[in-house]
A.B. asks: 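For reference, the structure I am asking about is given below.
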There are 2 protein chains.
Amino acid sequence: MTQPERQIMDFIEKHIQTQGYSPSVTEIMLGIGYKSRGSVHRYIDSLVRKGLLLRESGRNRGLTLPEKPKIPLLGRIAAGMPIEAIPESECVDFYEKLNCPGLYQLIVSGDSMIDAGICDGDSVLIQPAQSAPNGAIVVALIDGENATLKRIYQRDGRVTLKAENPAYEPQYYRPEQVQVQGVLFCLARFYR
Amino acid sequence: MTQPERQIMDFIEKHIQTQGYSPSVTEIMLGIGYKSRGSVHRYIDSLVRKGLLLRESGRNRGLTLPEKPKIPLLGRIAAGMPIEAIPESECVDFYEKLNCPGLYQLIVSGDSMIDAGICDGDSVLIQPAQSAPNGAIVVALIDGENATLKRIYQRDGRVTLKAENPAYEPQYYRPEQVQVQGVLFCLARFYR
DNA sequence: CTTGCCTGTTCTCGATTTGTTCTATATAGT
DNA sequence: ACTATATAGAACAAATCGAGAACAGGCAAG
């Protein structure tokens, strides 16, 4: 989005939010400070072509904003307690949150992280990294062969990879044996 | 990538990230400190030839960064096993997956669903519904007062709400006491 | 209905910006 | 001094921009 496009977009968003309906091209022109409707119209065309704006053709004031996958955050839910409403209906833009360059997805196989709430079949989103803070959950490559999802601790000159499952013992390695490939960024599990 | 190429690449990346669109050759020139557009243009040519930069010919400000995939699905990861690559680098479009009308988000409070891998502080995305199949995890309103996240079973004329935590006993209700508000659609947990 | 204004849309024009190519100059390495 | 390379700067065509004119359809008042 170029600078004038951004300016026009902001104006439209603000107008729709405050007035409840789309501004006219002339109103945008005056609001932004242009002296010609043609110019404004050209920018609107561009925005519509990019899908950043929707237009109901043949209607006056027919501009609408495309729906973003915003998911309203309603409150907290607990065992046996009512939903504690969160005052302003915050919206979480998952698209924004996940717009993290380099992110990739792996599907978890096995139960070794079950006590961390990571189950067989879950999707984990990994942010590429060469190192990680102690206690982080990472994708670690061991001896250049085996990649595994574990909690990592680096101290006393050795690396510990700890599963979150009492059935698995922590594994100890020399630092040169373990290569961090990425850090756990997000867990996603779909039920339907 | 030579040093000036690296410098120009960084400038372009930064500009696209902050402004949302490509810089012009003149802007790069000023930003880096050159006094000629020709030189900058030569480096851009080189970057395009190497595939490190894309150019929409015939358009002004038509430089784009090679597209990074949404979130590539790389494979499965397991305890002590190598990543089992998935042949085609499938891409998961979370935008698409979450574009489910009516979806709303709740933050989980408490440990009553811990054995289902749902932890304190997790986000659950709920799809509004009036009923749910046996065994589904639902948001249930009890006696019109208390909302809770539980696994639901309806049989023998009574409703069982079962926590996934041995510390909590299943609770039995008459059907008219329990109102399903929604079905668990997705679990999301952010680590960073 | 008709009328008149607002609105959306399309077009042209001149000025400016931009991508591109070219040549000349400066610099570094041999 | 010679060559290779990097930079500066000029020049040109195309794209873009803002202004303004013109026209048809929407919309509400009479």
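Because the structure is predicted, anything quoted here is derived from the model rather than measured. Just the heavy atoms: all of them, side chains too, but no hydrogens, waters or symmetry mates, feed the values below.
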A.B. asks: Is there a donor N/O on one and an acceptor N/O on the other, under 3.5 Å, for the side chain of B/R37 and the base of C/dG19?
C.D. replies: yes
A.B. asks: Nearest to the side chain of B/K35 - C/dT10, D/dG26, D/dG9?
C.D. replies: D/dG9
A.B. asks: Using a distance-only test with no angle check, is there a side-chain donor-acceptor pair under 3.5 angstrom linking A/T148 and A/K150?
C.D. replies: yes
A.B. asks: Any donor-acceptor pair under 3.5 Å linking the side-chain atoms of B/S46 with those of B/E5?
C.D. replies: yes
A.B. asks: Going by modelled atom types, is there a donor-acceptor pair between the base of D/dG18 and the side chain of A/S36 at under 3.5 Å?
C.D. replies: no
A.B. asks: Which of these nucleotides, D/dA19, D/dA6, C/dT17, is closest to any side-chain atom of B/Y43?
C.D. replies: D/dA6
A.B. asks: In terms of the nearest nucleotide of DNA chain D, which residue is placed more toward the 5' end: A/T2 or A/G38?
C.D. replies: A/T2
A.B. asks: On the 0 to 90° scale, with breaks at 30° and 60°, tag the B/F185-A/F190 ring pair as parallel, tilted or perpendicular.
C.D. replies: perpendicular
A.B. asks: With under 30° as parallel and over 60° as perpendicular, where do the rings of A/Y34 and A/Y43 fit, or are they tilted in between?
C.D. replies: tilted
A.B. asks: Could you check B/Y34 against A/N60 and say which one's nearest nucleotide on DNA chain D is further toward the 5' end?
C.D. replies: B/Y34
A.B. asks: Of the nucleotides D/dA8, D/dA19, D/dC27, which has the atom closest to the A/R59 side chain?
C.D. replies: D/dC27
A.B. asks: From the options C/dT20, C/dT9, D/dA8, select the nucleotide whose nearest atom is closest to the side chain of B/R55.
C.D. replies: C/dT20
